[in-house]
Amino acid sequence: MRARTVTGAVTSAALLAKASVRFERPDRLPRAMMAMATPGNLMTRGLAGATARYPLAPAVVDDDGSLSYGRLWTLSDAAVRVLHDRGVRNGGKVGLLARNHRGFVLGMVAAWKLGADVVFMNTGFAGPQLDQVLSSEAVDVLLHDDEFADVVRHGDRESLLAVSLAELASEAGRRWPAPTLASMREGRSVILTSGTTGRPKGASRGASSATQVAAPLLASLPIRSRDTVVIAAPLFHAWGLAHLGMGIALSSTAVLAPSFDAEATLRAVEEHRADALVVVPVMLQRILALGGDVLARYDTSTLRYIAASGSALGAPLAAAALNRFGPVLYNVYGSTEVAIATVARPRDLRREPGTAGRVATGSVVRVLDDSGRPVPEGETGRIFVGSGSRFEGYTDGGGKEVVDGLVSSGDMGHFDRSGLLFVDGRDDDMIVSGGENVYPFEVEELLTEHPEVAEAAVVGVPDPDYGQRLKAFVVPARGATLDADGVRDFVRSRLARHKVPRDVAFVDELPRNPTGKLLRKDLA
């Protein structure tokens, strides 16, 4: 495993260097390399290098306009003094509860410059859940958007200092920078699991793994230095954060919006002539749902890649996206715990729209049976992943199952003869009906192929005769006339009888968390 980690680090560094090469003034790159020798973690050192190389280039574009690399660096140095005066110290814990905007980046960078660890809070948390996480992660200071003030005030947290990000930015703008307060300690990131099946747990990741997370993306996606990237995925999630960090290291521009709007996202791509769009699958689905007339209003021809991850993409959505935007879609499979496992390029998705792709650079993926032995090609088993960028365990001391150095992804899947991985479903989502095993994803994917179905979810409900039976929740497409019998007939004509939902409910929308993952427990 150690050899795999070292090899991955070397590969990542080489790919990052390759992506950074540009024809430019000869003094810029050496100046950037010298700047990156400053204390801090890889994100803050990457920002130092980008600032030295392109101080006037936009680092962030949001609703407040453009923020240059030079101004972000100076402002974050001033924010260091503000946080230090508020009691943030080397090794402390700073919670960050914010949407996608410059304040998120400012608070994160300032905390890391002080050597603090940053805990990224889900913006969908209600008061009680936020209380739980703040307590379990031992957060000292919470930086938050003003819109979350009421949630932050919930409960009895007298020992917690809460600071508005607007207040932090305002005060930093009036302060002298304080680079002398910077810490030699590499601040860590704590990313919370999605919490779809219970209380969110903190997954700790060291700064040294950041370049190795970037390796499979740099190896598979057409990423270049100074790209303009519309990051629609939440920054508090590993997927959005990875692209923000990689973009900073490559002196790119991140275009951010505090909330997702499908048409506004297309408008941003056109307005900024974006090279890339980063989404979770439900966002891509909502963009395509705008319809041909709306989609045709916006020029998206500058996009070299659309990167999707965070939940299952699904064959119908992948095919529709390729047909609309061309061969620019990349599907990335992984998780907070295992990082990136596989990447499906456009040619893979054209051939097999439902695939999760091929094993990513620097990763090892195996499909094992319950005894930990590899299953034959085409047979479903449990997916285990190994890489130098895997997480180091949950902050409560727990971890995921490990077999031969590989970490369980929690998913079931299989490889085909060409080496493409297919994810068949979560191992804890499996429905046993009359002794037959059913993975809901297979039925859901089929249902979304129906022209009158916008979205679908399938869960198991108690049944006195069969133990469990299948229940489908269907979001009808606009103008649909499909009824429950039509849903059952559609599935019956294509899948085995035990996979046909006996119950069908039509709903306006499916419950999802802010990263787009389906909340099955809310349906069941």
Side-chain angles (χ1 to χ4, degrees), residues 98-100 104 120-126 129 191-198 200 203 229-244 256-266 268 276-290 306-318 320-321 325 329-341 344 349 353-354 356-357 409-411 423 425-426 429 440-441 444-445 447-448 453-459 473-475 507-523:
R99 299 196 185 276
N100 290 17
F104 183 107
F120 296 96
M121 301 288 177
N122 191 314
T123 56
F125 281 165
Q129 196 170 32
I191 299 172
L192 301 175
T193 59
S194 297
T196 56
T197 58
V229 184
V230 176
I231 305 179
L235 294 180
F236 68 77
H237 186 258
W239 181 235
L241 189 64
H243 284 272
L244 175 66
L256 307 175
S259 59
F260 174 73
D261 177 273
E263 189 168 356
T265 300
L266 289 177
L277 172 62
V278 179
V279 295
V280 295
V282 70
M283 293 175 174
L284 187 58
Q285 181 182 52
R286 289 171 184 170
I287 288 172
L288 291 171
L290 292 170
I306 298 173
S309 188
S311 60
L313 181 63
L317 180 57
F325 297 107
L329 179 63
Y330 293 77
N331 181 27
V332 179
Y333 168 64
S335 71
T336 302
E337 293 87 352
V338 305
I340 295 173
L349 294 170
S409 71
D411 291 321
V423 179
R426 296 288 297 173
D429 286 341
F441 182 67
E444 293 164 354
E445 189 172 56
L447 285 172
T448 55
V453 174
E455 293 183 83
V458 175
V459 300
F473 292 84
V474 175
V475 179
V507 296
D508 293 332
E509 62 180 9
L510 299 176
R512 296 183 183 275
N513 69 12
T515 61
K517 287 189 177 179
L518 180 67
L519 300 175
R520 293 186 187 276
K521 61 183 177 62
D522 289 0
L523 294 173

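The structure presented is a predicted model; accordingly, all values stated were derived computationally and were not measured. The analysis underlying the following values was restricted to heavy atoms, covering all of them including side chains, and did not include hydrogens, waters or symmetry mates.
Of the listed residues (Val279, Val332, Ile231), just one forms a side-chain contact (heavy atoms from CB on, under 4.5 Å) with Trp239, and that residue is Val332.
For the pair Val229 and Val278, the minimum side-chain heavy-atom distance is below 4.5 Å. Contact annotation: the side chain of Met283 never approaches that of Thr265 to less than 4.5 Å [non-hydrogen atoms, C-beta and beyond]. Contact annotation: the side chain of Val507 never approaches that of Leu523 to less than 4.5 Å [non-hydrogen atoms, C-beta and beyond]. Considering only heavy atoms from C-beta on, Phe260 comes within 4.5 Å of Ile287 through its side chain. Residues Asp411 and Phe441 have side chains not in contact (no heavy-atom distance under 4.5 Å, counting atoms from C-beta outward).
Residues that satisfy the side chain to side chain donor-acceptor pair (under 3.5 Å) test with Arg512, not counting sequence neighbours, are Glu455. Checked against ring-ring contact (aromatic ring centres under 6.0 Å, His included), Phe104 has the following partners two or more places apart in sequence or in another chain: Phe120. Not counting sequence neighbours, Glu445 has no partner by the salt bridge (charged side-chain N to carboxylate O under 4.0 Å, His left out) test.
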Evaluate Gln285 against Val282 for side-chain contact (heavy atoms from CB on, under 4.5 Å), listing each step before the verdict.
CA-CA 5 Å; Gln285 181 182 52; Val282 70; 3.9 Å; yes
Test side-chain contact (heavy atoms from CB on, under 4.5 Å) applied to Phe325 and Leu284, step by step
CA-CA 11 Å; Phe325 297 107; Leu284 187 58; 4.3 Å; yes
Which is it for Tyr330 and Leu313 under the side-chain contact (heavy atoms from CB on, under 4.5 Å) test, yes or no, and what are the steps along the way?
CA-CA 10 Å; Tyr330 293 77; Leu313 181 63; over 6 Å; no
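Asn331 CG to Leu317 CG: the interatomic distance, rounded to the nearest 0.5 Å, is 9.0 Å. The CG atom of Asp522 sits 10.5 Å away from the CZ atom of Phe473 when rounded to the nearest 0.5 Å.
In plain terms, the two heavy atoms of Pro281 and Ser311 that are nearest each other are CG-O, 3.3 Å. Shortest non-hydrogen contact noted between Gly310 and Lys517 is O-CE, 2.8 Å. Taking every heavy atom of both residues into account, Asn100 and Leu235 meet most closely at OD1-N, 3.0 Å. Between Pro353 and Ala318, the shortest heavy-atom contact is O-CB, 3.4 Å. Across Leu288 and Ala320, no two heavy atoms sit closer than the pair CD1-CB, 3.9 Å. Annotation for Leu518 and Ala457: closest pair CD2-CB, 3.5 Å, computed over non-hydrogen atoms.
Between the side chain of Asn122 and the backbone N or O of Phe236 there is no donor-acceptor pair closer than 3.5 Å. Between the Arg520 side chain and the Val458 main chain, a donor and an acceptor come within less than 3.5 Å of each other.
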